[in-house]
Colleague: 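First the structure, then my questions, so here it is.
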Amino acid sequence: MLAALPSGGMAIAASQCAVPQDLRPAPPRPPRADEVHPDIPVTHYILALSWAPAWCRTGAGRRAGERGDAECSDPSRGFVLHGFWPNGDDRQHPQYCAPAGPIDIATLRMAWCMTPSASLLQHEWAAHGTCGWQRPADYFAREASIWNRLSLPPAGSLAGRVLTAGQLRASLAAANPGLPADAVAVRLDHRQRLREVDLCYGRSFAPVPCARGERGTPDPVMLRVSAMLQ
């Protein structure tokens with residue numbers, strides 16, 4: 001059995017993140033008609049955590065780094081908060097439930113250390129936040145209340161490792177009392193590299209076992225964790 005991964009305390013310590021002085025809201029993007037699903041009841045939530053070294057090696061990630069996206073310009077980043085998603089029972093989930101203007105600058109600055117991309121934050125508010133909250137500040141405050149309680153391994157302790165999906169689940173559960181291993185879904189790319197970890201929460205925002213279709217990679221599957229960016 002793999003030894004427990006070192007815990008990093010809070011998901012992102014304040015000392016590890018400096019909000020850019022020139023940070024500005026991203027412009028809203030009108031959704032396509034087929035993306036709008038406002039009437040699907042919310043049954044549970046997903047907190048999606050991207051493994052930054054894997055994302056930043058994709059074509060989209062490299063382009064983001066070239067634009068100066070902090071997720072891909074800081075080599076010390078490991079897990080980054082992708083988003084907090086209201087989900088339904090079926091494969092179709094609520095999205096773009098109400099019109100969404102730009103995020104106010106105070107909220108943007110509060111949320112940026114969790115998700116260091118103004119464009120992604122704007123997308124998450126429009127696509128997912130509007131399906132449960134009336135103001136960006138309330139949506140990102142709820143997200144932060146969950147994110148800031150997580151204990152995640154420092155990037156350097158996980159990068160470059162080979163382990164099973166079950167070992168990763170067990171280590172995350174052990175570091176976070178109250179988070180059962182079956183509330184952790186492990187997502188891999190086509191090369192069996194860690195891409196994302198999704199954590200499942202109920203309507204009261206407490207961890208719950210992930211639904212059958214959302215459990216991700218089975219426990220025995222071996223995975224590789226991309227090394228940190230150089």
Colleague: Gln122 side chain to Gly101 main-chain N or O, any donor-acceptor pair under 3.5 Å?
Modeller: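 Side chain of Gln122 to backbone of Gly101: a pair is present.
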Colleague: So if you build clusters from Ile, Leu, Val, Met, Phe, Trp, Tyr with side-chain heavy-atom gaps below 4.5 Å, do Leu49 and Val208 land together?
Modeller: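 Different clusters: Leu49 never reaches Val208 through Ile, Leu, Val, Met, Phe, Trp or Tyr contacts under 4.5 Å.
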Colleague: Would you mind telling me which of Tyr139, Phe140, Trp125 makes a ring pair (Phe, Tyr, Trp, His ring centres under 6.0 Å) with Trp133?
Modeller: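 For Trp133, the ring pair (Phe, Tyr, Trp, His ring centres under 6.0 Å) check succeeds only for Tyr139.
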Colleague: Counting C-beta onward and ignoring hydrogens, is there a side-chain heavy-atom pair between Pro207 and Leu199 closer than 4.5 Å?
Modeller: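 Pro207 does not reach Leu199 side chain to side chain.
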Colleague: Could you tell me whether the side chain of Tyr201 and the main chain of Phe84 form a donor-acceptor pair under 3.5 Å?
Modeller: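 A pair under 3.5 Å: no.
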Colleague: If every non-hydrogen atom of Pro99 is compared with every non-hydrogen atom of Thr130, which pair is closest and at what distance?
Modeller: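 For Pro99 versus Thr130, the nearest heavy atoms are O-CG2, 4.4 Å.
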Colleague: State, yes or no, whether a side-chain contact exists between Leu163 and Leu223 at a heavy-atom distance under 4.5 Å.
Modeller: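 Answer yes - side chains close enough.
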Colleague: Any carboxylate oxygen within less than 4.0 angstrom of a Lys/Arg side-chain nitrogen, looking at Arg191 and Asp189?
Modeller: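 Result for this pair is no, no salt bridge flagged.
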Colleague: Without swapping roles, check the side chain of Trp51 against the backbone of Val225 for a donor-acceptor pair under 3.5 Å.
Modeller: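 Flag not set: sc Trp51 to bb Val225 has no pair under 3.5 Å.
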Colleague: Treating Arg142 as the side-chain partner and Asp138 as the backbone partner, does any N or O pair qualify as donor plus acceptor under 3.5 Å?
Modeller: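 Flag not set: sc Arg142 to bb Asp138 has no pair under 3.5 Å.
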Colleague: Do Trp85 and Tyr45 make the cut of ring centroids closer than 6.0 angstrom?
Modeller: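 Between Trp85 and Tyr45, the centre distance exceeds or equals 6.0 Å.
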Colleague: Asn176 side chain to Ser151 main-chain N or O, any donor-acceptor pair under 3.5 Å?
Modeller: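 Checked: pair present.
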Colleague: Might you confirm whether atom CZ of Arg193 has over 12 heavy atoms from other residues, nucleotides or ligands at distances under 6.0 Å?
Modeller: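 More than 12 within 6.0 Å, yes.
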Colleague: Quick one: pull up CG in Leu120 and CE in Met114 and give me the separation to the nearest 0.5 Å.
Modeller: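 Going from CG on Leu120 over to CE on Met114, the span is 11.0 Å.
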Colleague: Evaluate the side-chain proximity of Asp89 to Ile40: yes if any heavy-atom separation is below 4.5 Å, no if none is.
Modeller: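 Answer no - side chains too far apart.
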Colleague: Considering all heavy atoms of both residues, which atom of Gly216 and which atom of Ala185 are nearest to each other, and what is their separation?
Modeller: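 Where Gly216 meets Ala185 most closely, the heavy atoms are N-CB, 4.3 Å.
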Colleague: Is the CZ atom of Arg203 crowded by more than 12 outside heavy atoms at less than 6.0 Å?
Modeller: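 No.
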